[in-house]
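Heads up: the structure comes next, in structure tokens.
Here the structure is a predicted model, which is why all the values come from computation and not from measurement.
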Amino acid sequence: MPEKLTNVTLITTFLLMGFPEDQVLQRLYAAFFSLVYLAALMGNLLIITLTTIDQHLQTPMYFFLKNLSLIDICYISVTVPKSVMNSLTNSHSISFMECASQVFLVVFFAGTEFALLLVMSYDRYAAICCPLHYEAIMNRGACVQMVTASWFSGGVYGSIHVAGTFSVHFCGSNIVHQFFCDIPSLLTLACSGEQILEYVFIIVSFCFAFVCFTFMVASYAYVVSTVLRIPSSQGRFKAFSTCMPHLTVVTLFLSSGYIAYLGLNSKSPSSLNLFMHVLYSLLPPSLNPVIYSLRNRDMKVALGKIFGEKMTPTI
């Protein structure tokens with residue numbers, strides 16, 4: 001027993017060593033991250049602004065979209081600014097409490113986003129499969145309750161995983177081979193045999209996520225079967241066009257997360273491992289505004305109103 005205790009290291013700071021030590025490459029990464037972060041920030045803020053001020057966008061779908069944009073802003077803000085600052089100052093340290101907070105917030109916002117995507121799939125199911133009862137099903141009170149439940153479930157999800165991850169003792173190195181504190185990289189630093197609790201939480205979480213994903217797939221199966229029964233091709237295209245952005249976002253979010261956390265071995269740091277975590281952290285928040293705005297006629301009309309009133313002369 002004493003021999004095991006001598007290997008335990010009291011860690012007060014971690015070193016985020018995901019990027020190469022070359023300062024030129026670090027500056028390039030910092031510039032790239034900054035550009036993507038600003039694009040994601042501007043895109044999501046634009047969606048929040050449009051869905052708030054435009055009266056035609058005061059529907060359940062855009063209410064959920066506004067919350068999704070808010071989650072994306074918070075999600076990307078947890079990891080990217082700290083990483084950019086570390087690259088510019090050539091300081092890779094992050095305190096124990098900052099690391100724990102980062103883990104909690106990343107899992108919190110990721111869990112909330114997944115729950116909200118599930119709610120949005122139910123919204124599309126109700127709109128297309130039950131159009132006559134849609135307003136009764138998706139009333140204002142129900143929408144607020146669903147969004148509140150999404151945020152609450154994300155908070156519970158984050159609390160469980162941060163407790164499971166930091167209940168272990170860390171042995172040896174304090175180097176995290178990522179640009180932010182993520183659970184798989186931290187578990188590789190834990191003493192042997194102490195990761196079991198968090199592994200159980202991860203397995204249970206993925207099982208629950210799979211059940212939710214099954215419900216999501218089932219709802220879209222009903223949506224597709226309903227759309228195919230619409231007699232006019234224009235009606236089918238309009239119905240599909242309201243679902244495709246959401247399906248794209250769900251596929252992007254789940255596939256990138258699965259590859260980053262299950263498809264790669266975090267014990268052997270590699271450029272591919274880092275690349276997949278970059279995609280998982282940066283891609284969904286930065287592409288969601290593009291997916292929802294460029295393919296959405298109502299969003300483009302609302303955007304045109306803002307700029308049209310200022311730029312188009314009155315005739």
Side-chain angles (χ1 to χ4, degrees), residues 14-20 25-45 47 67-88 92 94 98-117 154 157-158 161-162 165 175-188 202 205-206 209 248-266 269-292:
F14 292 96
L15 297 179
L16 302 176
M17 303 298 292
F19 295 130
L25 288 177
Q26 287 192 25
R27 297 294 188 275
L28 290 175
Y29 278 118
F32 171 71
F33 271 42
S34 298
L35 289 174
V36 174
Y37 178 68
L38 289 175
L41 207 62
M42 292 174 61
N44 285 292
L45 282 174
I47 287 181
N67 277 271
L68 182 65
S69 294
L70 178 59
I71 293 169
D72 283 336
I73 289 175
C74 297
Y75 178 61
I76 198 172
S77 297
V78 172
T79 57
V80 172
K82 176 66 176 178
S83 177
V84 170
M85 186 62 64
N86 285 353
S87 297
L88 293 178
H92 305 284
I94 182 171
E98 284 181 313
C99 188
S101 299
Q102 202 171 61
V103 168
F104 169 75
L105 291 173
V106 166
V107 178
F108 169 40
F109 292 123
T112 304
E113 179 156 344
F114 180 77
L116 188 61
L117 290 174
Y157 189 59
H161 283 286
V162 76
T165 302
I175 297 176
V176 179
H177 293 284
Q178 279 299 336
F179 66 95
F180 68 97
C181 288
D182 73 316
I183 294 174
S185 298
L186 288 169
L187 290 180
T188 62
I202 291 174
S205 298
F206 272 98
T248 305
V249 169
V250 170
T251 303
L252 178 66
F253 181 74
L254 294 181
S255 60
S256 60
Y258 175 82
I259 294 172
Y261 280 90
L262 294 183
L264 296 169
N265 184 7
S266 59
S270 65
S271 299
L272 181 59
N273 195 326
L274 175 64
F275 177 71
M276 292 313 305
H277 276 76
V278 169
L279 288 185
Y280 176 68
S281 304
L282 271 68
L283 206 59
S286 56
L287 287 187
N288 284 357
V290 177
I291 294 170
Y292 278 108

On a heavy-atom basis, which atom in [X] and which in [Y] lie closest, and how many Å separate them?
| X | Y | result |
| --- | --- | --- |
| R27 | S87 | NH1-O, 2.9 Å |
| S34 | A30 | OG-O, 2.7 Å |
| D72 | P284 | OD2-O, 4.3 Å |

Holding to side-chain hydrogen bond (donor to acceptor under 3.5 Å, both in side chains), I want the full list of residues that pass it with S205, two or more places apart in sequence or in another chain. H161
Checking the side chain of [X] only, and the main-chain atoms of [Y] only, is there a donor and an acceptor separated by less than 3.5 Å?
| X | Y | answer |
| --- | --- | --- |
| N44 | P285 | yes |
| T165 | V162 | no |
| Q102 | V78 | yes |

Measure the spacing between [atom1] of [X] and [atom2] of [Y] and express it to the nearest 0.5 Å.
| X | Y | atom1 | atom2 | result |
| --- | --- | --- | --- | --- |
| L282 | S83 | CG | OG | 9.0 Å |
| C181 | F104 | SG | CZ | 15.0 Å |
| I71 | I76 | CD1 | CD1 | 14.0 Å |
| L41 | S69 | CG | OG | 11.0 Å |
| D182 | L187 | CG | CG | 9.0 Å |
| C74 | L105 | SG | CG | 9.0 Å |

Side-chain touch V36/V80, heavy atoms, less than 4.5 angstrom: no
Relative to each other, are the rings of Y29 and F33 parallel, tilted or perpendicular (30° and 60° limits)? perpendicular
What's the verdict on side-chain contact (heavy atoms from CB on, under 4.5 Å) for V106 and T79, showing C-alpha distance, side-chain angles and the deciding distance? CA-CA 8 Å; V106 166; T79 57; 3.7 Å; yes
Side-chain H-bond candidate by donor/acceptor type, S281 with Y75, under 3.5 Å: no
Pair S286-Y37, side chain to side chain donor-acceptor pair (under 3.5 Å): steps then yes or no: CA-CA 7 Å; S286 56; Y37 178 68; over 6 Å; no
